[in-house]
Amino acid sequence: MNPLQGVPVENFLVLSAILFTIGVIGVLVKRNPIVIFMCIELMLNAANLTFIALGRHFWQVNGQMYVIFALSVAAAEVSVGLGIIVAIFRTKETINVDEINLLKY
Amino acid sequence: MNVENIIFWILAVVSIIASLWMVSTRNAVRSALFLVLTFLCMAVFYILLSAQFIAAVQVIVYAGAIMVLFLFVIMLLNLSAPQALKEKGGFQARVSVLLGVGFIAALFSTGFTMTFQTTKTASDLYNLRLIPDNPDMPNVVLPENIGTVETIGRHLFHPSQPWLFPFELTSILLLVAVIGAIILAKRNV
């Protein structure tokens with residue numbers, strides 16, 4: 001079978017645009033920083049999907065390289081971010097992003 | 001309509017519904033579980049795009065490690081308790097949705113007016129089979145092998161490619177993240 005006769009790349013681009021926008025709306029709407037982090041992960045995933053779809057479209061491995069690095073950055077970001085959230089919760093007893101308006105407490 | 005297209009459309013609908021549900025639900029644990037569903041759909045998309053290694057990494061790292069971390073923190077903070085966050089709807093949510101619609105309209109208007117160079121034809125790519133294995137050209141891979149561990153490894157560590165130094169920097173990034181997480185999690189800094 002010819003592997004090039006797959007799904008058109010435009011479908012993946014539109015899908016990743018939709019998922020990215022859902023992530024953006026989630027970041028704007030939610031007040032729970034953990035859910036905001038999840039929305040950021042969704043946005044990163046949508047960007048990864050774009051990289052891989054265009055990488056296959058142009059038949060380059062480079063798209064997948066970017067995804068590998070984005071993935072490691074996402075893992076690092078999540079571990080540090082959730083550590084910050086836990087530290088904030090310990091001192092302020094809340095993690096509502098509307099109530100956390102000081103950088104130093 | 002071949003099998004790949006059918007799988008794509010089913011999973012596209014599933015992933016969009018799951019991510020919408022993730023944003024709209026108030027229970028953080030449910031958000032996390034719907035995000036896992038979205039990530040699994042993404043893994044299948046990667047397989048459809050013949051990126052097998054990335055699909056496996058997606059399942060292991062995202063749906064496995066990162067989401068377990070999320071669930072762990074959610075349950076550690078006990079946010080489903082009475083003092084759970086009240087998501088005030090209303091003005092901010094409506095403005096956000098409006099901004100989101102504007103954002104996606106901007107994305108689509110850019111995307112639909114953009115023209116990009118079409119890919120090589122299938123026969124061109126299959127002719128690459130005739131090229132003997134050339135270590136100086138790691139870009140030339142068989143069409144069905146673009147996502148295998150071997151291709152990615154050769155590409156990542158090949159001297160003619162610019163990825164080796166970023167790869168080494170990634171190790172420092174992860175080290176910094178590990179140390180930072182430990183310091184942040186300590187009781188008295």
Side-chain angles (χ1 to χ4, degrees), chain A residues 2-7 11-15 17-26 28-32 34-35 37-39 41-42 45 48-49 52-53 55-61 64-65 67-69 71-80 82-87 89 94-96, chain B residues 4-5 8 12 15-16 19-20 22-23 28 31-32 35 38-39 42 45-46 48-51 54 57 61 65-66 69-70 73-74 76-77 79 85 87 93 96-97 99-100 103-104 107-108 111 119-120 122 125 139 143-144 146-147 151-152 155-156 163 166 170 173-174 177 180-181 184-185:
Chain A
N2 183 358
L4 286 183
Q5 287 173 345
V7 186
N11 291 5
F12 284 106
L13 295 186
V14 169
L15 175 67
I18 291 171
L19 289 178
F20 192 91
T21 309
I22 292 172
V24 170
I25 292 175
L28 291 176
V29 169
K30 302 303 269 188
R31 285 179 180 75
N32 185 344
I34 297 176
V35 182
F37 259 111
M38 290 183 205
C39 294
E41 294 301 314
L42 184 65
N45 259 277
N48 286 352
L49 187 63
I52 289 187
R56 192 201 61 157
H57 180 72
F58 295 115
W59 222 261
Q60 293 276 318
V61 192
Q64 301 183 25
M65 299 290 114
V67 172
I68 290 174
F69 291 116
L71 220 131
S72 54
V73 170
E77 169 236 329
V78 164
S79 62
V80 174
L82 290 177
I84 290 174
I85 289 174
V86 171
F89 184 77
T94 181
I95 54 168
N96 190 332
Chain B
E4 292 169 0
N5 272 299
F8 172 81
S15 63
I16 288 174
S19 53
L20 279 176
M22 178 200 97
V23 172
S31 300
L35 189 60
T38 314
F39 284 168
M42 288 279 185
F45 291 146
Y46 294 160
L48 286 182
L49 288 167
S50 57
I54 302 286
V57 167
V61 173
I66 291 183
L69 200 61
F70 270 114
V73 170
I74 290 169
L76 196 70
L77 300 188
L79 290 176
L85 301 170
E87 301 282 352
S96 309
V97 172
L99 285 174
F103 180 71
I104 202 167
L107 275 183
F108 281 172
T119 183
K120 298 186 182 85
L125 285 168
N139 268 326
E144 63 269 23
I146 192 171
T151 309
I152 288 181
H155 199 79
L156 190 60
W163 302 112
T170 303
L173 174 81
L174 290 175
L184 283 169

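- Residue with the most contacts toward chain B among Val80(A), Leu42(A), Leu15(A): Leu15(A) (heavy-atom pairs, distance under 4.5 Å).
- Contact record, Ser19(B) with Ile22(A): OG-CD1, 3.4 Å, taken as the closest heavy-atom pair.
- The parts of Glu41(A) that come within reach of chain B are both its backbone and its side chain, each placing non-hydrogen atoms under 4.5 angstrom from that chain.
- Side-chain contact between Cys39(A) and Met22(B): present, with at least one pair of heavy atoms (C-beta onward) separated by less than 4.5 Å.
- Nearest heavy atoms, Met65(A) versus Leu156(B): SD-CD1, 3.5 Å.
- The most heavy-atom pairs under 4.5 Å with chain B, out of Val86(A), Ile18(A), Ile68(A), Val73(A), come from Ile18(A).
- For the pair Asn48(A)/Tyr46(B), a side-chain contact is recorded, criterion being any heavy-atom separation below 4.5 Å from C-beta on.
- Contacts of Thr170(B) with chain A are made by side-chain atoms alone, with heavy-atom separations under 4.5 Å and no backbone atom involved.
- Between chain B and the residues Leu82(A), Val14(A), Asn45(A), the most heavy-atom pairs under 4.5 angstrom are made by Asn45(A).
- The choice from Ala53(A), Gly55(A), Ala87(A), Gly23(A) that makes the most heavy-atom pairs within less than 4.5 Å of chain B is Ala53(A).
- With a 4.5 angstrom heavy-atom cutoff, Val24(A) touches chain B only via side-chain atoms.
- In this structure, CD1 in Ile85(A) is found 7.5 Å from CZ in Phe70(B), a value given to the nearest 0.5 Å.
- Considering all non-hydrogen atoms of both residues, Leu19(A) and Ser15(B) come closest at CD2-O, 4.0 Å.
- Residues Ala76(A) and Ala177(B) come closest through the heavy atom pair CB-CB, 3.5 Å.
- Of the atoms belonging to Leu107(B), it is side-chain heavy atoms, and not backbone ones, that fall under 4.5 Å from chain A.
- Contact of the Gln64(A) side chain with the Thr151(B) side chain is not registered, since no non-hydrogen atoms from C-beta on lie closer than 4.5 Å.
- Between Met38(A) and Val23(B), every side-chain heavy-atom pair lies at or beyond the 4.5 Å cut-off.
- Considering CZ of Phe69(A) and CH2 of Trp163(B), their distance stands at 6.5 Å, rounded to 0.5 Å.
- Here the closest heavy-atom approach between residue Val7(A) and residue Glu4(B) is recorded as CG2-O, 3.6 Å.
- The shortest side-chain heavy-atom distance between Val57(B) and Leu71(A) falls under the 4.5 Å cut-off.
- For chain A, the nearby parts of Leu69(B) are the backbone and the side chain; heavy atoms of each come within less than 4.5 Å.
- Contact of the Leu77(B) side chain with the Ile34(A) side chain is registered, since non-hydrogen atoms from C-beta on lie closer than 4.5 Å.
- The two residues Gly100(B) and Thr21(A) make their nearest non-hydrogen contact at O-CG2, 3.2 Å.
- For a residue to count as touching a neighbouring chain, one of its non-hydrogen atoms must lie under 4.5 Å from one of that chain's; by this rule Ile104(B) touches chain A with backbone and side chain alike.
- Interface residue Ala32(B): backbone and side-chain heavy atoms are both found under 4.5 Å from chain A.
- Both the backbone and the side chain of Leu49(A) come within contact range of chain B, each with at least one heavy atom under 4.5 Å from a heavy atom of that chain.
- Only the side chain of Ile54(B) has a heavy atom closer than 4.5 Å to any heavy atom of chain A.
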